[in-house]
Amino acid sequence: MGRGDLTNDEWARLGPHLPKTGDRGGRWNDHRTAINGILFRVRTGVPWRDLPDWFGNWKTGYECHRRWSADGTWDRILQAVQADADGRGRIDWSMVSVDSTSCRAHQHAAGASRRTPRVPKRRSTPRQHRSDEGLGRSRGGLTSKIHLAGEGGLRPLALLITPGQWGDSPQLIPVLERIRVKRLGGGHPRTRPDHLGGDKAYSSRRNRRYLRRGQIKHTIPEPKDQRANRRRRGSRGGRPASFDKERYKRRNEVERTINRLKHFRAVATRYDKRVFVFRGTVTVASLRLWLRS
């Protein structure tokens with residue numbers, strides 16, 4: 001077993017959730033070798049053609065990763081692993097925080113074909129495809145932004161990829177709506193945390209109204225200009241937003257989660273041309289964090 005490969009315990013937790021082998025459509029025979037190759041590439045950021053020989057043919061790992069990113073297989077595997085963790089009480093729902101991070105896009109990430117991509121051997125469009133490919137321009141060049149919600153155990157619950165120049169506040173609701181942790185005993189999946197934390201970039205009437213309707217307690221500081229505007233309006237400005245300084249200290253958990261994600265070099269720097277493939281890369285890195293004890 002090489003450095004960074006799945007241990008026997010991790011494979012025992014992951015294996016039952018993988019697609020069946022030997023089905024029609026050219027499924028590969030050894031999932032473990034292919035997945036270890038994908039993990040190696042996500043961790044090191046090497047080009048697919050430079051995968052070491054002990055992971056088999058590089059194209060097998062690439063096609064596996066691209067197909068599972070396009071048809072949502074990586075998302076389903078991550079949700080299954082999260083459900084197992086929740087069933088064992090290993091998810092800290094007491095404080096879920098939201099934040100974002102920008103990822104510099106390598107020059108190889110630009111230049112994708114303008115034609116709409118297709119799921120391999122199907123006629124459908126990849127689930128996470130975006131016409132802008134999640135690339136935006138800033139002073140630093142091409143960038144992508146990862147918006148995520150992280151639980152208290154420093155692991156991502158949900159994520160969203162946008163161009164780098166997009167703001168954080170409009171993405172709060174889409175990120176929260178992607179939290180769906182299934183229950184092993186059946187029933188509706190869990191979608192609401194006990195408490196939500198975020199920095200002042202997420203402070204807006206729309207977001208606070210959404211959280212109140214969903215009965216989600218939250219700790220989000222109010223920016224100085226919003227406080228001044230509320231006071232200027234008098235009684236029409238509404239009541240001041242509540243703020244718990246002690247609970248807000250836990251917001252560093254999502255920052256540490258982002259830091260752990262960016263230990264994977266293919267996440268810290270985007271090399272994938274297609275946004276659905278890059279999202280699959282971030283999902284694989286998230287899955288690796290969930291499998292670690």
Side-chain angles (χ1 to χ4, degrees), residues 38 41-42 45 47-48 62-76 78-79 98-150 156-180 198-199 201-204 206-207 210 254-255 257-258 261-262 264-287:
I38 294 170
R41 187 263 172 179
V42 173
W48 285 103
Y62 168 73
E63 291 294 343
C64 171
H65 180 58
R66 186 175 186 274
R67 176 179 295 181
W68 288 6
S69 298
D71 62 15
T73 299
W74 284 128
D75 293 327
R76 290 190 290 270
L78 178 60
Q79 290 175 356
V98 290
D99 206 348
S100 68
T101 181
S102 295
C103 302
R104 179 66 186 272
H106 193 269
Q107 59 182 352
H108 293 168
S113 174
R114 295 181 179 273
R115 292 181 298 178
T116 302
R118 300 296 179 188
V119 177
K121 298 191 177 181
R122 297 184 185 178
R123 296 183 178 180
S124 58
T125 304
R127 295 181 59 185
Q128 303 297 333
H129 171 66
R130 298 175 56 101
S131 58
D132 56 18
E133 296 297 348
L135 284 175
R137 286 196 174 273
S138 62
R139 291 184 178 182
L142 292 174
T143 55
S144 294
K145 184 175 281 189
I146 304 174
H147 306 264
L148 63 86
L157 284 172
L159 60 95
L160 175 69
I161 309 295
T162 67
Q165 78 275 13
W166 282 31
D168 292 350
S169 181
Q171 310 310 318
L172 174 67
I173 297 175
V175 169
L176 292 181
E177 290 180 344
R178 282 168 169 76
I179 300 178
R180 298 184 63 84
D199 59 24
Y202 295 97
S203 177
S204 70
R206 176 173 175 264
N207 289 340
Y210 172 84
V254 70
E255 296 175 345
T257 303
I258 291 174
L261 270 180
K262 284 199 164 183
F264 299 87
R265 297 191 175 190
V267 175
T269 301
R270 173 179 170 175
Y271 299 102
D272 303 304
K273 289 184 183 295
R274 294 294 189 182
V275 65
F276 72 88
V277 179
F278 179 61
R279 188 184 188 281
T281 298
V282 182
T283 303
V284 170
S286 303
L287 180 62

Test item: side-chain donor near acceptor, Arg118 and Ser124, under 3.5 Å: no
Short side-chain to backbone donor-acceptor contact, Asn207 and Tyr202, under 3.5 Å: yes
Check: Lys145 side chain, Ser102 main-chain N or O, donor-acceptor pair, under 3.5 Å: no
Thr162 vs Leu160 side-chain heavy atoms within contact, under 4.5 Å: yes
Shortest non-hydrogen separation from Gly150 to Val254 and the atoms involved: N-CG2, 4.2 Å
Least distance between heavy atoms, Ala110 atom then Leu135 atom: CA-CD1, 4.3 Å
Arg130 atom CZ, neighbour heavy-atom count above 12 within 6.0 Å: yes
Spacing of CZ belonging to Arg66 relative to OG1 belonging to Thr281, to within rounding of 0.5 Å: 12.5 Å
Where Ser169 and Ser204 come nearest, the two heavy atoms and their spacing: OG-OG, 3.5 Å
Distance (rounded to the nearest 0.5 Å) between Asp199 CG and Asp99 CG: 5.5 Å
Donor-acceptor side-chain pairing of Thr73 and Arg76 below 3.5 angstrom: yes
Pairwise side-chain contact, Lys262 with Cys103, heavy-atom cut-off 4.5 Å (strictly under): yes
Nearest heavy atoms of Ile179 and Ala149, plus distance in Å: CD1-CB, 3.9 Å
Exercise: identify the closest heavy-atom pair between Val267 and Ile146: CG1-CD1, 3.9 Å
Pairwise side-chain contact, Phe276 with Thr125, heavy-atom cut-off 4.5 Å (strictly under): no
Pairwise side-chain contact, Leu172 with Arg206, heavy-atom cut-off 4.5 Å (strictly under): no
Asp168 side, atom CG; Ser100 side, atom OG - distance, nearest 0.5 Å: 3.0 Å
Close aromatic pair by centroid cut-off 6.0 Å: Tyr271 and His108: no
Within-4.5 Å side-chain heavy-atom neighbours: Leu261 and Thr101: no
Lys/Arg N to Asp/Glu carboxylate O, Asp272 vs Arg41, below 4.0 Å: yes
Proximity of Trp166 and His147 rings by center, below 6.0 Å: no
Parallel, tilted or perpendicular: ring planes of His65 versus Trp48, cut at 30 and 60 degrees: tilted
pair Val98-Gln171: side-chain heavy atoms closer than 4.5 Å: no
Side-chain touch Ser113/Arg274, heavy atoms, less than 4.5 angstrom: yes
Verdict with supporting geometry, Val275 and Arg270, side chain to side chain contact (heavy atoms under 4.5 Å, CB included): CA-CA 9 Å; Val275 65; Arg270 173 179 170 175; 4.1 Å; yes
Parallel, tilted or perpendicular: ring planes of Trp68 versus Trp74, cut at 30 and 60 degrees: perpendicular
